[in-house]
Student: 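Can you keep this structure in mind? I'll have questions shortly.
Note that the coordinates shown come from a computational prediction; the quantities given were computed from them, not determined experimentally. Note: hydrogens, waters and symmetry copies are ignored here, and every other heavy atom, side chains too, is used. Sequence lines set the chain letters: A, B, ... in the order given, protein chains first and strands last, and positions in each chain run from 1.
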2 protein chains.
Amino acid sequence: MKAPASLRDDSHAPPSTLATDTALAPKRPRGRPRKTALELDDGNRRQDLITASAKLFRKQGFDATSTRDIAAAVGMHSGSPFYHFKSKDALLFAVMEAGMHTALARQAQALAALPASASSVDTMRSLIRAHYETLLGPGNDFVPVMLYEHRALSARQRTDLARLQTDYEAAWTPVLQRLHDSGQLGAPVKLARLLILGALNWSVQWFDRKKGASLDELTSACIALFLKDKA
Amino acid sequence: MKAPASLRDDSHAPPSTLATDTALAPKRPRGRPRKTALELDDGNRRQDLITASAKLFRKQGFDATSTRDIAAAVGMHSGSPFYHFKSKDALLFAVMEAGMHTALARQAQALAALPASASSVDTMRSLIRAHYETLLGPGNDFVPVMLYEHRALSARQRTDLARLQTDYEAAWTPVLQRLHDSGQLGAPVKLARLLILGALNWSVQWFDRKKGASLDELTSACIALFLKDKA
DNA sequence: CCTACCGATCGGTAGG
DNA sequence: CCTACCGATCGGTAGG
């Protein structure tokens with residue numbers, strides 16, 4: 001029953017690069033990966049598996065994607081993903097966790113880039129734009145998978161993710177509060193946050209990069225829809 | 001390969017009662033269903049299967065629900081659902097189609113109940129409230145299943161459903177247009193519709209009937225968030 | 001990471 | 001609608 005000792009870890013591997021979400025899967029060299037100076041060239045393969053899983057989970061759904069599909073996508077044989085991850089579930093969790101890390105990083109970066117003179121509306125616009133990038137940016141499959149495969153997680157995994165999600169949502173509250181105080185936000189802050197994030201998250205269902213509005217246009221429409229002019 | 005002749009139909013059975021979505025699954029009498037005056041007491045069993053499937057699909061997801069789960073839920077043996085539906089897919093489609101029919105009926109009823117003096121805001125409120133009822137009303141699992149299991153449908157099934165969905169969404173357009181013309185809706189009508197319906201649809205993910213806001217409070221928050229005061 | 005494999009489950013069907 | 005069953009697939013593992 002016990003898994004043999006190996007490189008694989010069940011969950012909390014630090015994402016080797018926060019921005020890998022955006023990158024497409026590397027061309028997957030078919031030959032034996034040449035060993036680096038270090039004794040193990042892991043990490044790359046783990047990332048490959050995570051990236052390929054994200055793409056497949058998003059396109060086909062978690063249940064409809066077999067671990068054989070994933071193995072094939074990175075040029076492994078059927079049993080090999082289990083050398084890196086102890087279960088299909090652990091792979092799903094790794095995708096979601098990496099997605100939340102990139103989302104949080106992108107959000108923090110967007111806020112840090114704001115000038116000191118930024119208004120509440122500017123801040124709001126920046127949060128919305130960053131969120132759209134996380135959801136709809138090219139190759140960004142991680143967070144969409146998280147949003148639509150939440151059900152497949154275990155209770156433990158859900159709890160672990162919840163902390164990151166709470167952090168992410170918390171960043172919206174002070175801005176919404178200020179907008180509410182100034183009369184530019186018409187609904188209670190908590191409900192407004194749920195409704196606004198819902199409107200954004202749902203865009204995954206209908207947004208088409210190849211036609212229709214751009215992410216900037218979407219962002220503008222949100223500002224126009226959700227916020228009132230300052231009295 | 002050909003299915004034996006039977007009562008089952010692949011898709012377009014008229015929902016025997018539009019309102020069955022709201023009803024909980026009948027207590028499923030364990031004994032042999034007594035034959036009615038008619039030669040066949042089908043219909044009831046079909047409805048039972050649809051209702052039980054909706055509940056299971058919503059709770060566990062389509063892929064994670066086996067046809068054996070469904071059979072057990074209505075007191076049948078494993079192969080029997082296939083007497084009524086030619087495939088698991090056909091059952092899913094039946095759930096979604098019935099859901100859209102009740103949604104359309106509820107929407108039409110809400111609009112019909114408005115007094116002639118109703119303002120655009122009143123109409124909007126009524127549409128939102130009816131939508132929340134469809135999504136979050138007790139026992140209303142059909143439309144949530146449709147929203148979250150869309151991927152499992154075949155192209156053909158998707159096309160068939162799309163017509164109903166287009167009708168449903170179309171009812172919002174004239175109201176949004178009027179609100180836009182009067183300056184009460186700040187975003188372009190088409191994007192506003194997508195964003196607003198997204199905000200509503202996402203509520204399935206977080207709404208808890210046992211705590212938090214009521215459907216009326218939710219509706220009020222939407223009006224406050226999405227609409228500006230008339231100039 | 002590959003090879004070879006297992007036990008379980010699943011959608012679906014024949015035949016009554 | 002039940003009985004009995006099939007072929008396929010799937011997650012996962014031992015052993016190297």
Student: Heavy atoms within less than 4.0 Å of DNA chain D: which residues of residues 145-152 of chain A have one? Give them sorted by number.
Tutor: none
Student: Provide the full list of salt bridge (Lys or Arg N to Asp or Glu O under 4.0 Å) pairs with a residue in residues 199-208 of chain B, sequence neighbours left out, each pair given once.
Tutor: B:Asp208-B:Lys210
Student: A:Tyr148: which residues meet the ring pair (Phe, Tyr, Trp, His ring centres under 6.0 Å) condition with it, sequence neighbours left out?
Tutor: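 Counting only residues at least two positions away or on another chain, A:Tyr148 forms a ring pair (Phe, Tyr, Trp, His ring centres under 6.0 Å) with B:Trp202.
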Student: Among D:dC1, C:dC1, D:dA4, which nucleotide sits nearest the side chain of A:His84?
Tutor: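 Among the listed nucleotides, the one closest to the side chain of A:His84 is C:dC1.
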Student: Using the test ring pair (Phe, Tyr, Trp, His ring centres under 6.0 Å), find all partners of B:Phe62 that sit at least two apart in sequence or belong to another chain.
Tutor: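 Result, ring pair (Phe, Tyr, Trp, His ring centres under 6.0 Å) vs B:Phe62: B:Phe57.
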Student: Under 3.5 Å, which N/O atoms of the protein pair with N/O atoms of nucleotides 7-11 of chain D?
Tutor:
unit_1: D:dG11; atom_1: OP1; unit_2: A:Thr65; atom_2: O; d: 3.4
unit_1: D:dG11; atom_1: OP1; unit_2: A:Lys88; atom_2: NZ; d: 2.8
unit_1: D:dG11; atom_1: OP2; unit_2: A:Thr67; atom_2: N; d: 2.8
unit_1: D:dG11; atom_1: OP2; unit_2: A:Thr67; atom_2: OG1; d: 3.1
unit_1: D:dG11; atom_1: N7; unit_2: A:Arg68; atom_2: NH1; d: 2.7
unit_1: D:dG11; atom_1: O6; unit_2: A:Arg68; atom_2: NH2; d: 3.0

Student: With sequence neighbours left out, write down each residue that passes side chain to side chain donor-acceptor pair (under 3.5 Å) with B:Gln109, or none if nothing qualifies.
Tutor: none
Student: Please enumerate all residues that pass side chain to side chain contact (heavy atoms under 4.5 Å, CB included) together with B:Arg209, with sequence neighbours excluded.
Tutor: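 With sequence neighbours excluded, B:Arg209 shows a side chain to side chain contact (heavy atoms under 4.5 Å, CB included) to B:Pro138, B:Phe207, given in chain and number order.
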Student: Taking CE from A:Met76 and C1' from C:dA4, how many angstroms apart are they, rounded to a whole number?
Tutor: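 Between C1' of C:dA4 and CE of A:Met76: 19 Å.
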Student: Please name all residues satisfying side chain to side chain donor-acceptor pair (under 3.5 Å) with A:Asp216, sequence neighbours left out, ordered by chain then number.
Tutor: A:Arg129
Student: For B:His150, give me all partners under side chain to side chain contact (heavy atoms under 4.5 Å, CB included), at least two apart in sequence or on another chain.
Tutor: B:Leu153, B:Arg158, B:Gln165
Student: Go ahead and write out DNA chain C as dot-bracket, 5' to 3': ( ) for pairs within the strand, [ ] for ones crossing earlier pairs, | when the partner sits on another strand, dots for unpaired; Watson-Crick or G-U wobble, both distances under 3.5 Å.
Tutor: ||||||||||||||||
Student: Please list, chain by chain and in numerical order, all residues satisfying side chain to side chain contact (heavy atoms under 4.5 Å, CB included) with A:Ala108, sequence neighbours excluded.
Tutor: none
Student: According to salt bridge (Lys or Arg N to Asp or Glu O under 4.0 Å), does anything in residues 65-81 of chain A pair up with another residue at least two apart or in another chain? List the pairs.
Tutor: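 Not a single pair qualifies under salt bridge (Lys or Arg N to Asp or Glu O under 4.0 Å).
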Student: Measure from the side-chain N and O atoms of A:Lys88 to the backbone N and O of A:Thr65, and report whether any donor-acceptor pair falls under 3.5 Å.
Tutor: yes
